[in-house]
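Everything below concerns the one structure shown next.
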There are 2 protein chains.
Amino acid sequence: MFMVSRWEPNARERLVEAALALYVEHGFEQTTVVEIAKRAGLAERTFFRYFTDKREVLFSGAELLEELLVEALRTVPDSVAPIDAVARALNTSARIFEERRDFAIRRQSVIAANRELQERELIKLASLSSALAKGLRARGTDELAADLVANAGIAVFKIAFERWIASGGTDDLAHLFDKCFAELKVVTGEGD
Amino acid sequence: MFMVSRWEPNARERLVEAALALYVEHGFEQTTVVEIAKRAGLAERTFFRYFTDKREVLFSGAELLEELLVEALRTVPDSVAPIDAVARALNTSARIFEERRDFAIRRQSVIAANRELQERELIKLASLSSALAKGLRARGTDELAADLVANAGIAVFKIAFERWIASGGTDDLAHLFDKCFAELKVVTGEGD
DNA sequence: TACACTGATGTCAGCGACTGCCATCGCACT
DNA sequence: AGTGCGATGGCAGTCGCTGACATCAGTGTA
């Protein structure tokens with residue numbers, strides 16, 4: 001049935017695009033939700049039906065990433081050491097970002113310029129970490145080790161991603177993950 | 001000179017105490033800045049002269065901690081491996097928390113109950129991490145290693161602190177730091 | 001003594017984020 | 001025709017936060 005809906009479709013996507021464009025153009029703080037909604041052809045009230053707040057519009061993809069990583073972790077044989085299992089899970093996600101390189105770069109430039117957005121990003125990463133820790137526990141890793149490995153894995157993710165963005169998305173993200181994991185093993189292996 | 005000031009002294013501390021008490025009693029969201037100010041015998045406007053926002057009142061000690069850790073790191077001989085240098089710096093700070101055990105516990109219970117506060121805590125930890133990384137670079141550690149070690153160190157701090165709070169402050173925080181660093185070396189040392 | 005100066009505070013108006021409540025109105029189903 | 005559903009709009013109100021200006025005790029100075 002070809003039916004002409006009462007409203008334009010993809011309201012959510014339109015809001016994300018409108019928000020990102022305005023954030024890039026005028027900055028996050030200088031952009032009001034009314035402006036975003038207007039640009040998407042909607043009312044302010046509707047924005048808040050799709051996103052809990054003005055920041056969330058840039059982070060709605062995080063749940064997807066979390067599910068992806070948890071699922072990837074589940075498929076790694078239990079015989080693989082926790083840290084390597086997390087490394088493999090992260091590598092699985094590299095494609096996703098490389099496929100949306102331009103979006104990722106624009107988005108990250110906005111986040112880098114605003115502290116509130118950095119806060120939101122950090123809590124999303126923390127949520128990722130706790131999901132990974134849960135996944136590790138399900139594989140038999142003990143509590144403390146799971147927390148440590150998950151947090152270290154997220155640290156690697158953050159640092160590698162940062163460098164990938166800094167390269168303009170030209171570096172190979174999966175290789176950066178590997179490089180960081182390798183370096184992590186080196187720097188935690190020395191000493192006492 | 002004994003002079004009777006026009007206003008009660010320690011406005012800042014009064015605001016912190018009033019805020020913490022109200023956050024504990026009614027929760028963070030349910031508490032308005034007007035209430036905090038009133039309880040401290042001040043006006044709302046004055047609150048915002050001392051703290052940039054409603055959350056910051058629980059995090060004003062963070063700069064102090066950052067300075068302490070950076071200074072502690074500076075005093076560790078360059079011959080000590082980066083990860084161990086960070087471990088020593090963290091151990092230096094254990095006393096501080098144990099001396100304010102009750103305050104730390106009340107504060108943490110409020111933070112645990114509110115997402116916005118967790119965001120603020122995470123960005124303070126990230127700031128700590130970047131300060132440590134800078135300190136490591138000053139000791140000759142290269143960029144990537146410094147970032148990794150600093151982030152790993154902060155992860156340890158977070159995890160150990162979490163467990164210390166969970167113990168009601170009865171565990172020895174410095175020992176928890178050591179235990180986490182030791183475990184970190186184990187879990188990153190296995191595998192490929 | 002008089003007077004200007006400072007610094008911590010108060011008052012007030014106003015913006016923007018966010019919420020609750022109710023209205024609208026195509027569409028589907030009966 | 002009637003009834004309910006779902007996505008949206010409109011509106012009023014609260015609260016976080018800011019800028020501009022007023023207040024006034026104490027300090028220094030002519």
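Within every chain, numbering begins at 1; the chains are lettered A, B, ... in the order of the sequence lines, protein sequences first and strands thereafter.
- Using a 4.0 Å cut-off between charged side-chain N and carboxylate O, B/Asp84 and B/Lys185 make a salt bridge.
- Salt bridge status for A/Arg95 with A/Glu98: absent, with no side-chain N to carboxylate O gap under 4.0 Å.
- At D/dT8, one or more side-chain N or O atoms of A/Tyr50 fall inside 4.0 Å of OP1 or OP2 (strictly under the cut-off).
- At most 12 heavy atoms of other shown residues, nucleotides or ligands fall within 6.0 angstrom of atom CD in A/Glu8.
- Straight-line distance from the CG atom of B/Asn10 to the P atom of C/dA8: 14 Å, rounded to whole Å.
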Side chains of residues 31-38 of chain A: which donor-acceptor partners sit under 3.5 Å, not counting sequence neighbours?
from, atom 1, to, atom 2, distance (Å)
A/Thr31, OG1, A/Leu22, O, 3.4
A/Thr31, OG1, A/Gly27, O, 2.7
A/Thr32, OG1, A/Glu35, N, 3.2
A/Glu35, OE1, A/Thr32, N, 3.2

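- Counting heavy atoms of neighbouring residues, nucleotides and ligands inside a 6.0 Å radius, atom CZ of A/Arg115 exceeds 12 of them.
- Under the 4.0 Å criterion applied to side-chain N and carboxylate O atoms, B/Lys124 and B/Glu63 are assigned as salt-bridge partners.
- Rounded to whole angstrom, the span from the NZ atom of A/Lys38 across to the P atom of D/dG9 amounts to 12 Å.
- Atom C1' of nucleotide D/dT18 and atom CD of A/Gln30 are separated by 14 Å, given to the nearest angstrom.
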Any chance you could list the contact pattern along nucleotides 10-23 of chain C? Use B for base contacts, S for sugar-phosphate-only contacts and - for none, protein heavy atoms under 4.0 Å, 5' to 3'.
BB-----SBBBB--
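- The CD-P distance, from B/Glu119 to D/dG16, rounds to 16 Å in whole Å.
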